[in-house]
Protein chains: 2
Amino acid sequence: MTTKERILQGAHDVFQRNGFSGATMQAIAEKSGVNKALLHYHFGTKSDLFHAILQQSFSQLLPAVFMALNSEMPLRNKLQNVVELYLGTIIKNPELPLFVISELQRNPSFIRKQIKLRAFPPRFVQQVKDATTRGEIIRAEPADIMADLMGLCILPFVARPILQHLSGKSNAQYKEFLQHRVQHVCDVLVGGLFHVQR
Amino acid sequence: MTTKERILQGAHDVFQRNGFSGATMQAIAEKSGVNKALLHYHFGTKSDLFHAILQQSFSQLLPAVFMALNSEMPLRNKLQNVVELYLGTIIKNPELPLFVISELQRNPSFIRKQIKLRAFPPRFVQQVKDATTRGEIIRAEPADIMADLMGLCILPFVARPILQHLSGKSNAQYKEFLQHRVQHVCDVLVGGLFHVQR
DNA sequence: AAATGGTTTAACCAATTGGTCAATTCTTTC
DNA sequence: GAAAGAATTGACCAATTGGTTAAACCATTT
């Protein structure tokens with residue numbers, strides 16, 4: 001593992017846990033086992049380093065989902081597929097969504113500058129339109145479904161402290177809860193969007 | 001409006017926009033039109049002031065929802081009712097959810113210390129249990145439904161920059177989207193949880 | 001082994017941070 | 001209107017912040 005990589009790893013940890021304002025170059029240096037000046041030598045300013053991390057974090061989340069949303073699968077299976085993919089990613093990196101979301105909220109210009117995704121996947125949009133006109137699903141636009149999907153998936157992670165406290169679950173129990181939740185989200189999403197066959 | 005209130009207002013604004021680490025006492029003082037030393041005179045340390053704001057913000061969100069969840073309404077109407085109440089609150093204060101969520105994540109001890117809600121509303125829990133055994137809704141626990149409800153409601157607010165950018169909506173269009181969403185969330189939630197009458 | 005060029009460090013800097021304090025202003029009480 | 005107490009301020013402080021720089025270290029080439 002090269003020094004640059006160790007720094008990126010340390011920066012990732014510190015930024016993700018504390019956000020941009022809460023993180024200090026000193027903390028990142030210590031976490032990476034490296035002198036503070038070396039951060040600037042390799043990565044310029046704090047903002048530069050931060051943007052590198054944010055970019056990487058962001059691209060870890062959405063692009064895969066978008067690719068799945070753009071596949072040729074029928075809508076119903078596709079949704080199920082995306083939920084599994086999305087939740088799988090988040091379970092492996094539970095702090096990712098809140099980090100990306102809060103930092104994008106406080107730095108919205110980042111989106112316009114850096115993010116190349118400028119619309120929902122066209123195949124997904126078309127499927128939603130078709131399914132609506134055919135009356136297979138309730139009247140909804142892609143943004144709604146995208147919001148449903150993301151909201152159902154990320155909430156147990158971003159609001160974990162509250163939810164775990166209220167439900168009185170141990171860490172192990174909460175983990176189990178998260179496992180079961182994949183199926184639950186699929187059920188709610190598909191069941192809530194699709195009309196029943198009569 | 002008394003000086004103390006003006007300070008609380010200013011602190012609310014600055015903390016909500018920048019989080020604890022991102023906010024400075026100087027900024028709060030300026031926003032409140034007051035000398036920095038006065039903040040300490042009235043509210044002690046930065047942490048003290050922050051906790052006052054966080055407490056107030058938190059109690060603005062959940063307690064009302066919990067009271068509604070504990071009413072004697074039938075489950076189906078209750079959910080609809082809570083969604084409308086919750087979304088109504090958030091629309092009036094769109095930055096509240098992300099603020100509470102991120103700060104609770106980075107300061108989880110606050111929950112144990114300050115928040116008195118230690119379980120889901122008992123009447124709601126009982127209703128879910130009953131409805132499950134009667135086969136009216138899919139197998140789900142209160143934590144799941146709570147997560148569904150919160151996730152569906154807050155996502156368009158916490159992830160607004162991304163979602164608005166992807167959907168290509170103007171501010172006005174996005175506001176309209178949020179209005180329509182009340183009905184959509186009700187539909188998805190009720191439709192996703194309840195089995196259909198056959 | 002000397003020269004070279006990239007890597008890493010300790011020491012340092014100006015600016016900003018949260019916080020204090022004595023002095024001043026304002027308000028209330030007598 | 002004087003005394004008293006609360007409210008408000010400007011000046012100040014030590015600690016920390018992001019960032020710089022010159023010197024040291026290290027590996028490679030000649």
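The analysis underlying the following values was restricted to heavy atoms, covering all of them including side chains, and did not include hydrogens, waters or symmetry mates.
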Next on the checklist: Test your reading of the model: is there a side-chain donor-acceptor pair from R181(A) to the backbone of L152(A), 3.5 Å cut-off?
Outcome noted: yes
Item to check | Positions of residues 1-30 of chain B (non-hydrogen atom under 4.0 Å from DNA chain C), listed by number | outcome: A23(B), T24(B), M25(B)
Next on the checklist: Pairing donors with acceptors under 3.5 angstrom, does anything connect the side chains of Q9(B) and E5(B)?
Outcome noted: no
Item to check | Counterpart residues, side-chain contact (heavy atoms from CB on, under 4.5 Å), relative to N70(B) (two or more places apart) | outcome: P121(B), P122(B), R123(B)
Next on the checklist: So, using side chain to side chain donor-acceptor pair (under 3.5 Å) as the criterion, who are the partners of H184(B) when residues are at least two apart?
Outcome noted: D148(A)
Item to check | L166(A) side, atom CG; F66(B) side, atom CZ - distance, nearest 0.5 Å | outcome: 4.5 Å
Checklist outcome for this item: 5'-most to 3'-most nt of DNA chain D touching chain B (<4.0 Å, heavy-atom partner on protein side) reads dA6(D) to dG10(D)
Next on the checklist: Assess, by modelled atom type and distance only, whether the side chains of S109(A) and N107(A) contain a donor and an acceptor separated by less than 3.5 Å.
Outcome noted: yes
Next on the checklist: Heavy atoms within less than 4.0 Å of DNA chain C: which residues of residues 37-52 of chain A have one? Give them sorted by number.
Outcome noted: A37(A), L38(A), Y41(A), H42(A)
Checklist entry - Rounded to the Å, how far apart are N35(B) CG and dC26(C) P? => result 15 Å
Checklist entry - Can you name the residues that form a ring-ring contact (aromatic ring centres under 6.0 Å, His included) with F58(B), not counting sequence neighbours? => result none
Checklist entry - What about L69(B) and M67(B), same hydrophobic cluster or not, with Ile/Leu/Val/Met/Phe/Trp/Tyr joined at side-chain heavy-atom distances under 4.5 Å? => result no
Next on the checklist: Test your reading of the model: is there a side-chain donor-acceptor pair from H165(B) to the backbone of P161(B), 3.5 Å cut-off?
Outcome noted: no
Item to check | Over-ring placement of R76(B) relative to F194(B), 6.0 Å and 45° cut-offs | outcome: yes
